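Structure first, commentary second.
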Amino acid sequence: ASEHGAPAKPAAPEKPAVPDKPAAAEKQVMPGKPAKPDKDSLDKVSFGTNWVAEAEHGGFFQAVADGTYKNFGLDVAIVPGGPNVNNRALLIAGKLDFFMSANTLQSFDAVANNVPVVAVAAIFQKDPQVLLAHPESKVAKLTDLKPLTLFVSKEGVASYFQWLKSEYGFSEAKVKPYTFNAQPFLVDQQSAMQGYVTSEPFVIEKQAKFKPTVVLLADYGFDGYSTLIETRRDLTDKKPDLVQRFVDASMIGWYNYLYGDNAAGNAMIKMLNPEMSDDMLAYSVAKMKEFGIVDSGDALRDGIGAMSDARYASFFDKMSRAGAVRRDLDFRKAYTLRFANKGIGLNLRPRN
Amino acid sequence: MADSAASFDLGAPPAGYAVRLRGVTKAYPNGTTALGPFDLDVRSGEFVSLLGPSGCGKSTALRLIAGLSAPSSGGVLVSSQAPRRRGEHSIGFVFQEPTLMPWTSVRGNVSLPLRLARASRADTEARVSEALAGVDLLDFADAFPRELSGGMRMRVSLARALVTEPDILLMDEPFAALDEITRFRLNDDLLALWRKLRKTIIFVTHSVFESVYLSQRVIVMTPRPGRTGAEFRIEALEPRGADFRTSADYAAQCREVSLALARTSEPVRA
Amino acid sequence: MADSAASFDLGAPPAGYAVRLRGVTKAYPNGTTALGPFDLDVRSGEFVSLLGPSGCGKSTALRLIAGLSAPSSGGVLVSSQAPRRRGEHSIGFVFQEPTLMPWTSVRGNVSLPLRLARASRADTEARVSEALAGVDLLDFADAFPRELSGGMRMRVSLARALVTEPDILLMDEPFAALDEITRFRLNDDLLALWRKLRKTIIFVTHSVFESVYLSQRVIVMTPRPGRTGAEFRIEALEPRGADFRTSADYAAQCREVSLALARTSEPVRA
Amino acid sequence: MSGLNAPRLPSDETGARGGARLLRLLLPIVVLAAGVTVWDLAVRLNQIPPYVLPGPGLVLRTLIADWPVLSASLVTTLWTTLEGFLAAALGGIALALLFNQSKWLEYSLFPYAVVLQVTPVIAVAPLLLIYLPQETAVIVCAWIVAFFPVLANTTLGLNSVDRNLAGLFQLYGASPMQTLVRLKLPAALPYILGGLRIAGGLSLIGAVVAEIAAGSAGAGSGLAYRIAESSYRLNIPRMFAALLLLSAAGIVIYVLLALASHLLLRRWHESALGKDN
Amino acid sequence: MSGLNAPRLPSDETGARGGARLLRLLLPIVVLAAGVTVWDLAVRLNQIPPYVLPGPGLVLRTLIADWPVLSASLVTTLWTTLEGFLAAALGGIALALLFNQSKWLEYSLFPYAVVLQVTPVIAVAPLLLIYLPQETAVIVCAWIVAFFPVLANTTLGLNSVDRNLAGLFQLYGASPMQTLVRLKLPAALPYILGGLRIAGGLSLIGAVVAEIAAGSAGAGSGLAYRIAESSYRLNIPRMFAALLLLSAAGIVIYVLLALASHLLLRRWHESALGKDN
Ligand SMILES: Nc1ncnc2c1ncn2[C@@H]1O[C@H](COP(=O)(O)OP(=O)(O)OP(=O)(O)O)[C@@H](O)[C@H]1O
Ligand SMILES: Nc1ncnc2c1ncn2[C@@H]1O[C@H](COP(=O)(O)OP(=O)(O)OP(=O)(O)O)[C@@H](O)[C@H]1O
Ligand SMILES: [Mg+2]
Ligand SMILES: [Mg+2]
C-alpha cells in the first residue's frame, strides 16, 4: 500500500516551492534566497497537536523537517499532544501560538464561550471519524450500528455522537466509555467502536487479524472540517503576516508530505514517537488519499486548508439541530477565510 | 538448649500440684537472661508469695506460668482443677500495669472475662457489681479508665481478675499503688476469698509485711537472673487478722524474710 | 467560679515560700471534682509528703502545681529560687507512671532534660552516668524502656528527674514499684541529696513509714475531693538513718499518721 | 497538643471555650472568604479571561444556572462514591483482618494488594468492562483506588495491639471471633478511622476515575463526565462549578468522617480528647 | 499478634525461626507461582486471544524483547515517582506540623488540603501547565495524588502524643523545635511511616497520572505513556509488560518502605516487634 499513489518527482524537493502569491510581507525572508536566515532572525512559533506524532500530522512535520518553515522565516516547535494532554488550554493561555483542533465543533464551542480563537485553515476536508464494527455483525450502513454497544470517548459523546443522536436516533444507553483501548470492542462482536479511518482499522487488522467494517461518518453527512489550524484572535489581528506564513508553509508541507518525498517528515514523526512503524505511516497516508481526507472538494480548487462559509453553515445547522450548539450562535466568528483558500502549493500536486 | 529442654517433658502433673517449674530459664531476644534456672512447686490451693529485687524476673516467671511466653529451657507444667472447657478460665492474671481496655468503661473492663465466657447477662451484671463493690468502685462503674487515678485503675484490674474465681490466680504487685488502708482491707478480702475457695495464688509483692501476712509460703528470689534464694513457710494461726498483724510472731517472721531479702540482694549492691 | 477565682490572684510570692495553693479546686470535664478546696503552703527547701486514699486527688494536686493542668478555681502560685531562664528547669516531676520515651534508650531518656537545656556533651555524659549509677541501672544504659521491668522503668524516671537538680521536685509515688532494699537505699539517697541541696520536695506516697522517714511535714488528705485532713510536723534528729527507722519515736509517729489516715479515710469506707 | 500552654490561674473555662468554639467556626469561614477574595483579585487584576480561570462570582453564577445538570451529576457521582467507599472500607478492613490471621497469609497476599494499589485504573478498566457488568466495573474501579489506605492503616492498628491485653484475652480463652470484636477492632479503631478519612476523599477521586474509565456517558452521567465535557467544550466556568461541587463534596465527606471519628473516640483516645481530659 | 499461641514447652527457637523465615520467603513465591499458573490456564483454557489478555509467557517474552524501550520508560517514571514521593513526604509532614501548631490553623487550612486531595489531577493539570514549567507541573501532580495520606496519618500521630510526656517537655522548658524533634516526630513516627507506605504506591500512581495529564508524550516518556500507547496500538502484550513493571516497581517501593519502617521501629514499637520481645 505504501506505493499507492506514489507521486511523480516533486517540483522542488530540496528547495520548497515559492508560493504562487507570496503574502507580500515586508520583513519576509524570501524563500529561495541563497543566504539562509540565521536562527535569531526567525520568528519563534509553537504549534500544539492533539495527539502523539502520527501521519495525520504529517504535513506539519514535513514542513519542519524539510526546512519549509525556515524558508518562511519561522522557527516552529511542534508540541505533540496525547491522551488527556490539553494543548488547547495552552493555546488559549498564550503558551502556544497555534493549535491543531480536532473538529469544527470545537471552534463553535470557542465562540459560545467567548474564547477568542479562530480557525485559519482546515487540513482535513472530511472528518476521518469512523465507527468500526465486527464483520459478524453484518453492518452495511450507519443505522445498522444502532442496536450495537458503542464504545465512544468522552469527547466523542460531546461532539459527533450528539449528531448521531439527533440525525439518526442513536441512544446514549448503548454507549460505553472508550478510553482508546480496543479490548472491550474486540471481545464483543455486538459492539462498535470509534476510530480514525487512517489508523484504527489498520491496528485492528494487524493485531486482531480481522478486517473491521468501517463506517465513515463524513459519508453520512457529518460534514465538519477536521484537523484545523487554530490560533488566537490577537495573533491574527496583530501579526497577520506571521499567521499567513505559518499557514502557507504548512500547506506546502502537506503537499510535500502527501505527494513528495515524505521521508524527512516521517523520520521526524518516528523520532518523536518511536512506536510509529513505517507500514502504519504508509497506511495512514494511503487512507488519507483514498478517502480524500486532505485533498478533496474545495481543496482541489483553493488548495489544501480550504474552508468555505457554505460548509460551515451546513455543519452549524446540523450541530444546532443536534442541540450541541446554541441556535443563535454567531458561528462565523469561529473562523476566518483571510488566510486560507489562496491556492498555495497547488502546483505541487501531481497532475493525473 | 533445645536438647536439655526435651528431657523436661514432665508428663502427667503430679497429683495435688497446680504449678511445677523445673530448671526454667528465660533469655530475651536481646540477650538478657531474666530468669536463672528456677524451680517452683505450688500445691493446689496454696498461697505463695514471690519477693525479690527489682528486675529479678518475678514478672517473667508469672508470664511463663501463664503461658504468655515460652521458656528458653526447662519445663513449665500447669494443671487446673476444673476440666478446661472453653470459657472455663483456669488462670487469672493481674498484670503489674493495670492493662485495661481504654475504649470501654470500668464495667466493660471488669465484665470482660464473663462476656468471653458467655455468662448470662443477669449473672454478669450481679457479679461485676459485686466485684466493683469489693474494690470500692461502684460509683465509677461507667467511668473510662483514663478518668481514673492510678490506684483506681489497679483496683479495676483486680476486680477483673477476681470476677471469674479462677483456679490459679497470678498477681503481680496488685496492691503497690494503693494506700495502706485500702491495701489492708483488700489484703483481708483476698485472704477471705482464698480461705473460702482455696484457689492457688501466686503473689508477687515488694512488701515483706504483705507477703508474710498473706501467704503460706514466701519465696525470696536472687537478683537477675532470678533463682530461689530462700524459702519460708509461714505457719500462722488461721484466720489471720489484725491480731496476727500485731503479733510478735509476725514481726519476727517479717524480720527474717527482710534479712533474707537483704542477703540475697547483696551481689547487686556491691 | 471564675469570679471567685479572680480574687485569688495572689500577687508576689511571699518570701521564703516555694508553693502556695489557696482554695484550689479541680473539676474534670466529666464532672468529677477531684480536689476539694485545697490549701497548701510549702516553704522553699521544705520536704513535704502527701498521703491519702486512692483517688483523693494527690496526682491532680501535683499536676496543678506543675502547671500541667489549670485549677477550676482558686490560685496556684509557684516561685522558683533561680531566675527562670530557658532550660533552667525549676520543676522536676516523677509521674506515677514511668512516662518514658519508648523510642530511645535509658541513657537517651535520662539525658533528655540536659539535652533540652543544651548542656555540654561531656557534662551530660557524666551527669547521666552518675544518675544511672544512683539508681543502679548503669548496665542497662543502652536498653530500651520496653526491655526493662516495671521497677527498673520507674528508676529511670527517677534518674531523669534527679539529673538536673531542679528547685522544686514533685514526686508521685516514685518508689511504689521497688523492693524494700532498693527503696530504703533510694530513700536514703534522696534524703542525702535533699540535705545537700535543700531543694523543695513534694512527695506523694502510700507508705506511712516512708512519709515519716523522709519528710519534715506529712499532710494527710481526705477522700475525694481531697482536702487537708491532718498535718504532722516530723521533728526528727538529723541526719535520719537506720537509727531513726528503729526508734520508738519513729514508730509512734508512724502510728499517729496511720491513725489519721484511717480516720480521714472513714467516710468512704461506710 | 495537650495543655502545653495551660494558664496557671483558673480560667473562665466555659466562656473561653465558647469563644474558642465560635472562633473555630468563624476562622475557616474567614480563611475561605480570604481565599475567595484572593482568587477574585487575582483574576481581576491580572485580567485573566474566564476561559482560562473564571472568577468566583462567575463560577457561582454558573453553578446556580447549571444546577439542574450539575446536581444530577453530583448525585450520580456521590452514589458511586458511597458504594466505592463502603467497598473500600469493608474490603480494606476484611483484608487486613485476613492478613492479620497469619504472617504467611500476609506475606503471600500483600504483594497482590500493592499490585492493585499501583495498577492504573485506566489500564484495567477495559478488562473489567469485558468481564463484569458495567455497574460492578465502576464500583471495582472506585474500590481499587480507595481500599489501600484502609488496608494499610488497619494492618498497622492490628499490629499495635497491646501485648498484655492480647495475653489477657488468650488467658481467658477468647475465641478468635471474640478477640477480633472485643480486642483487635477496638484497639485498631483510631488507625482504621484514620484510614477511612483518607479513603473518603480517595473514593470520591475513585468515583471520578471510575466514571472516566468505565462509567456510562451522556445523560445520567457523573461529575467526571461533566468536567471532561465542559473542558472539551471550553465551558470553563462550568468545569470550575463542577470542580467546586467536587471539592465541597470532598469536604463534606471529610467532615462527616472526622465527626464520626470524634464521636467514636472522644471518650478514650488521645487523638480525640480535649485539652484537660 | 504477640504470643497468642506460644507453646508451653521450650521450643527449639532458632531452628523453628529459621524454618519460619524460609517459609516466609518461599510462600510468597509459591503463591506467586500459583497466581501465574492460574493466569496461564485461564488464558489457555478459555482461548483468550493475546490482544485481550495475553498469557504470562507472552508478557514475559515481550518484556524481554521490549526491554530497551520499557526500561527507559521505567526509569522516567521512577524518577517522577521519587520526586513526587519526596515532595509528598516532606509536604505532608510539613503541613501536618503546621496544622499541629494550632487548631485554628488546622481548621482553616485543612479544608484546602481536602480540596487538593479530591481535585482530579486531569482537571487541574492544564492550569498547572499554564503557570508552571512542565517538569514542575508533573511533580505537583504526583504530589497532589500522594501527599494526603502522609498529612492525615502524621496529624493523627501528632495528636496521639502521650500527654504526660508532652507535659514533661513543657516542664523542662523545651523549645517548640525541641518538642518537635525530640517528642512529636518520634512519637508520630509509626503513623508517619504508615502514611509513607501508603504514599509510596500512590506516588507511583501519581507519577503515572501526572505523566498522562501533564507529561510530554512521545520519546523519553514514562510507563504511563507506554501503557496508553500500547493499549491504543492494541499492543496488549506490551501493555501488560509495562503494567508488570509498574506492579514490580510498586512492590519494590513497598518492600523498601516496609523495611525502612521495620528498621526504624524494631527496637521500640509494638507493630515492629517480634513475638517474644
Ligand atoms: N521484653 C524484654 N526484653 C528484654 N529484656 C527484658 C524484657 N522484659 C524484661 N526484661 C529483663 O528481664 C529482667 C526481669 O524482668 P521482670 O519484669 O521479670 O522483673 P521483675 O522481677 O518483675 O522486676 P520488677 O519488680 O521491677 O517488676 C529484667 O532485668 C529486664 O531487664
Ligand atoms: N482525666 C480525668 N478525667 C476525669 N476524672 C479524673 C481524671 N483524672 C483523675 N480523675 C479523677 O480525679 C480523682 C483524683 O485523681 P488523682 O489521680 O489525682 O488521684 P490520686 O490521689 O493520685 O490517686 P492514686 O493514689 O490512686 O494515684 C479521681 O477520683 C479520678 O477519678
Ligand atoms: Mg515486675
Ligand atoms: Mg495518683
Side-chain angles (χ1 to χ4, degrees), chain B residues 59-60 62-70 78 80 82-106 108-119 142-148 156-157 160-161 163-170 172, chain D residues 1-3 6 13 93 97 100 103 153-154 156-196 260-277:
Chain B
S59 303
T60 303
L62 290 196
R63 291 182 62 84
L64 290 174
I65 293 171
L68 295 181
S69 143
V78 176
S80 61
R84 276 218 200 197
R85 276 184 287 124
R86 285 238 334 83
E88 274 294 277
H89 329 306
S90 53
I91 298 188
F93 204 133
V94 180
F95 290 95
Q96 194 167 1
E97 288 86 40
T99 316
L100 303 179
M101 300 180 288
W103 53 83
T104 179
S105 65
V106 165
N109 270 285
V110 174
S111 63
L112 175 75
L114 300 171
R115 293 255 182 108
L116 291 180
R118 303 187 199 286
D142 296 321
F144 275 53
R146 62 165 188 89
E147 298 168 343
L148 302 180
V156 176
S157 167
R160 180 179 58 192
V163 78
T164 46
E165 303 180 347
D167 291 343
I168 301 177
L169 198 50
L170 308 175
D172 200 349
Chain D
M1 276 313 315
S2 66
E13 293 205 352
I93 295 174
L97 291 175
N100 187 250
K103 279 270 167 238
N153 265 25
T154 307
L156 179 60
L158 292 174
N159 286 337
S160 302
V161 172
D162 180 274
R163 61 180 56 204
N164 276 340
L165 269 179
L168 200 75
F169 272 72
Q170 182 193 342
L171 278 179
Y172 286 133
S175 68
M177 196 59 196
Q178 286 177 322
T179 308
L180 183 66
V181 172
R182 296 191 180 274
L183 175 65
K184 290 183 178 180
L185 284 183
L189 195 61
Y191 294 82
I192 296 177
L193 289 168
L196 290 183
S261 179
H262 180 78
L263 290 178
L264 282 169
L265 300 181
R266 111 201 106 110
R267 285 213 68 181
W268 66 275
H269 195 257
E270 190 66 49
S271 66
L273 286 178
K275 214 170 89 147
D276 211 14
N277 267 290

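Hydrogens, waters and symmetry mates play no part in the numbers below; they use all other heavy atoms, side chains included. Below, read A as the first sequence line, B as the second, and so on, with proteins coming before strands; counting in each chain starts at 1. What you see is a predicted model, and the numbers here were worked out from it, not measured in a lab.
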**Request:** List in chain and number order the residues that pass side chain to side chain contact (heavy atoms under 4.5 Å, CB included) with D:L264, two or more places apart in sequence or in another chain; answer none if no residue qualifies.
**Result:**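 Partners of D:L264 under the side chain to side chain contact (heavy atoms under 4.5 Å, CB included) test: D:L189, D:L193.
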**Request:** Walk me through it: do D:L168 and B:M101 pass the test side chain to side chain contact (heavy atoms under 4.5 Å, CB included)?
**Result:** CA-CA 11 Å; D:L168 200 75; B:M101 300 180 288; over 6 Å; no
Closest non-hydrogen atom pair between [X] and [Y], with its separation:
X: B:P102; Y: D:W268; value: O-CB, 2.8 Å
X: D:S175; Y: B:R118; value: OG-NH2, 4.1 Å
X: B:L112; Y: D:R182; value: CD1-CD, 4.1 Å

Going from [atom1] on [X] to [atom2] on [Y], what distance comes out if it is rounded to the nearest 0.5 angstrom?
X: B:T164; Y: D:L171; atom1: OG1; atom2: CG; result: 10.5 Å
X: B:F144; Y: D:R266; atom1: CZ; atom2: CZ; result: 8.5 Å
X: D:D162; Y: B:F95; atom1: CG; atom2: CZ; result: 8.5 Å

**Request:** Could you tell me which residues satisfy salt bridge (Lys or Arg N to Asp or Glu O under 4.0 Å) with B:R115, sequence neighbours excluded, listed by chain and number?
**Result:**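 Partners of B:R115 under the salt bridge (Lys or Arg N to Asp or Glu O under 4.0 Å) test: none.
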**Message:** side chain to side chain contact (heavy atoms under 4.5 Å, CB included), that's the test. Do D:N164 and B:R63 meet it? Break it down for me.
**Reply:** CA-CA 10 Å; D:N164 276 340; B:R63 291 182 62 84; 2.7 Å; yes
**Item:** B:R146 (side chain) donor-acceptor with D:R267 (main chain) under 3.5 angstrom
**Value:**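 Answer holds: yes.
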**Asked** Can you tell if the side chain of D:L183 reaches within under 4.5 Å of the side chain of B:W103, non-hydrogen atoms only?
**Response**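 Yes, side chains in contact.
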